[in-house]
Protein chains: 2
Amino acid sequence: MAKELGLGVETIRFYEREGLIKQPQKPQNGYRVYDDSITKQLQFICKAKALGFTLKEVASLMSMDGDCAKVESLGLQKLSLIQSKIADLQRLEVVIKEMTNSCRNNNDQSHCPIIDSLK
Amino acid sequence: MAKELGLGVETIRFYEREGLIKQPQKPQNGYRVYDDSITKQLQFICKAKALGFTLKEVASLMSMDGDCAKVESLGLQKLSLIQSKIADLQRLEVVIKEMTNSCRNNNDQSHCPIIDSLK
DNA sequence: GTAAACTCCGTAGATAGGTACGGAGTCAAT
DNA sequence: ATTGACTCCGTACCTATCTACGGAGTTTAC
């Protein structure tokens, strides 16, 4: 089951402890047996995680099933977070590009404009 | 000193423990006294951190003083990391935008296209 | 029938970057 | 001289998301 989803066994146990999925029924030998509904929950978690939702948010999403407005608002919130992260990183990109450029044009290898600009 | 830089006292002690700055001289009373060189190191750390370097990388940068080529290569590495993060986030942005749009156009509030698409 | 490979459980450790606590000493002001 | 605010130190704790360990039971393959 773990392999099927590309997760470690420990990871699934962890999700279980965190209440993201319910403990599956365990027959006489004590081993977990996963039914379809848990498999689907795990797939849901994987997909939501890939979209950048935290595990807590995933739990929220799962509990919001049936309230589209709430889900939308969480989505919009995540969207604006993503957009501001993008903006931050783009600003950073410019600065670092400039700095490495000034390194490239530097003749004196023993004296670095990046280090200088940080001082 | 901490306030001057917008850092907590504990944070500075933490940097000291991590070897980012050297322990300042302590006179008879045991209190740290920060000279100019440590102040500058701390400013260096703050600026580098703001550019997205990790503390380990900051330590590297400080030890690379005098080798511009190495610094440049660390900068380029950071640059490509930033660029790939931007690309990832932009892909995510598109997906989440689509999802929230489909929510907005959804009439049945009790049935959410986002949840559906994650299932 | 036995050895390898798997699962169980609870707990501890890793990562990064701090933050908080508690008891003791110290400094500045009144 | 006492109060309040500050520092010292070591250690533990925090967030988030796992990952690893150890000892025991189980299942499977030969």
Side-chain angles (χ1 to χ4, degrees), chain A residues 1-35 38-39 41-63 74 77-78 81-82 85 88-89 92 118, chain B residues 1-35 38-39 41-63 74 77-78 81-82 85 88-89 92 118:
Chain A
M1 177 74 210
K3 273 179 208 152
E4 208 173 298
L5 291 163
L7 298 172
V9 176
E10 307 286 344
T11 306
I12 293 177
R13 285 196 350 105
F14 171 73
Y15 290 164
E16 203 178 281
R17 276 203 302 286
E18 298 294 303
L20 282 161
I21 54 177
K22 30 179 212 273
Q23 289 247 143
Q25 314 286 35
K26 285 182 273 185
Q28 71 292 353
N29 64 10
Y31 282 27
R32 289 165 180 79
V33 174
Y34 296 94
D35 61 13
I38 297 182
T39 309
Q41 281 175 17
L42 281 169
Q43 286 167 347
F44 182 100
I45 294 169
C46 292
K47 286 187 197 170
K49 237 167 47 81
L51 289 176
F53 290 99
T54 66
L55 294 183
K56 267 187 194 163
E57 287 166 341
V58 175
S60 294
L61 282 174
M62 294 200 297
S63 75
L74 189 53
Q77 191 183 314
K78 194 49 75 175
L81 192 70
I82 288 169
K85 267 191 197 166
D88 285 353
L89 286 175
L92 215 59
L118 291 171
Chain B
M1 178 74 211
K3 273 178 207 148
E4 209 172 296
L5 291 163
L7 298 172
V9 176
E10 307 286 344
T11 306
I12 293 177
R13 284 193 355 101
F14 172 72
Y15 290 164
E16 204 178 282
R17 277 203 302 286
E18 298 293 302
L20 282 161
I21 54 178
K22 31 180 209 265
Q23 289 247 142
Q25 313 285 33
K26 286 182 274 185
Q28 72 291 353
N29 63 11
Y31 282 28
R32 288 166 181 80
V33 175
Y34 296 94
D35 61 13
I38 296 182
T39 309
Q41 280 175 18
L42 281 168
Q43 286 167 347
F44 182 99
I45 293 169
C46 291
K47 286 187 197 170
K49 238 168 47 81
L51 289 175
F53 290 99
T54 65
L55 295 183
K56 267 186 195 164
E57 286 165 340
V58 175
S60 295
L61 281 173
M62 295 200 297
S63 75
L74 189 53
Q77 191 183 314
K78 192 50 78 176
L81 193 68
I82 288 170
K85 267 190 197 166
D88 285 352
L89 286 174
L92 216 57
L118 290 172

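In the text below, chain A, chain B and the rest are named by the order of the sequence lines, each starting its count at 1. Everything numeric in this text was worked out from a predicted model, so none of it was measured.
Considering every non-hydrogen atom in both B:Leu74 and B:Glu57, the closest pair reads CD2-O, 4.2 Å. Contact between B:Leu92 and A:Leu51 at its shortest, heavy atoms only, is CD2-O, 3.2 Å. Of all heavy-atom pairs between B:Ala2 and B:Ile12, the closest is CA-CD1, 3.7 Å. The two residues B:Asn29 and B:Tyr31 come nearest to each other via the heavy atoms OD1-N, 2.9 Å. Pairing each heavy atom of B:Pro24 with each of B:Val33, the nearest pair is CB-O, 3.1 Å.
One interatomic measurement links the two molecules: NZ of B:Lys26 to P of D:dT7, which rounds to 14 Å at whole-angstrom precision. Going from atom CD1 of B:Ile12 over to atom P of C:dA20 covers 15 Å, rounded to whole Å. Atom CD in B:Gln25 sits about 14 Å away from atom P in D:dC8, given to the nearest Å. Rounding to whole angstrom units, CG of residue B:Leu7 and P of C:dT19 are separated by 9 Å. The distance from atom CD of A:Glu16 to atom C1' of C:dC8 is 11 Å, rounded to the nearest whole Å. A:Ile45 places its CD1 atom 14 Å from the C1' atom of D:dC18, with the value rounded to the nearest Å. Between the P atom of D:dA16 and the CZ atom of A:Phe53 lies a distance of 16 Å, rounded to the nearest Å. Nucleotide D:dT17 holds its P atom 15 Å from the CD1 atom of A:Ile21, rounded to whole Å.
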Output a table of nitrogen or oxygen pairs between the protein and nucleotides 19-24 of chain D separated by less than 3.5 Å.
| residue | atom | partner | partner atom | Å |
| --- | --- | --- | --- | --- |
| D:dT19 | OP2 | A:Thr11 | OG1 | 3.4 |

Using the 3.5 Å cut-off, write out each protein N or O paired with an N or O of nucleotides 26-29 of chain D and the distance between them.
| residue | atom | partner | partner atom | Å |
| --- | --- | --- | --- | --- |
| D:dT26 | O4' | A:Tyr31 | OH | 3.3 |
| D:dT27 | OP1 | A:Asn29 | ND2 | 2.8 |

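Contact annotation: B:Lys49 side-chain N/O to C:dA16 OP1/OP2 distance is not under 4.0 Å. In this structure, B:Tyr15 reaches the C:dG18 phosphate: one of its side-chain N or O atoms is under 4.0 Å from OP1 or OP2. The phosphate of D:dT7 (OP1 or OP2) has no side-chain N or O of B:Arg32 nearer than 4.0 angstrom. Considering only side-chain N and O atoms, B:Lys56 lies under 4.0 angstrom from the phosphate OP1 or OP2 of C:dA16.
If you take CD1 on A:Ile45 and CG on B:Leu118, they are separated by 11.0 Å, rounding to the nearest 0.5 Å. Going from atom CZ of B:Phe44 over to atom CG of B:Leu20 covers 10.5 Å, rounded to the nearest 0.5 Å.
Mapping A:Thr54 and B:Val9 onto DNA chain D by nearest heavy atom places B:Val9 closer to the 5' end of the strand.
Put simply, the side chain of A:Gln43 reaches to within 4.5 Å of the side chain of A:Leu5, judged on heavy atoms.
The stretch residues 10-21 of chain B participates, sequence neighbours left out, in these side chain to side chain donor-acceptor pair (under 3.5 Å) pairs: B:Glu16-B:Arg32.
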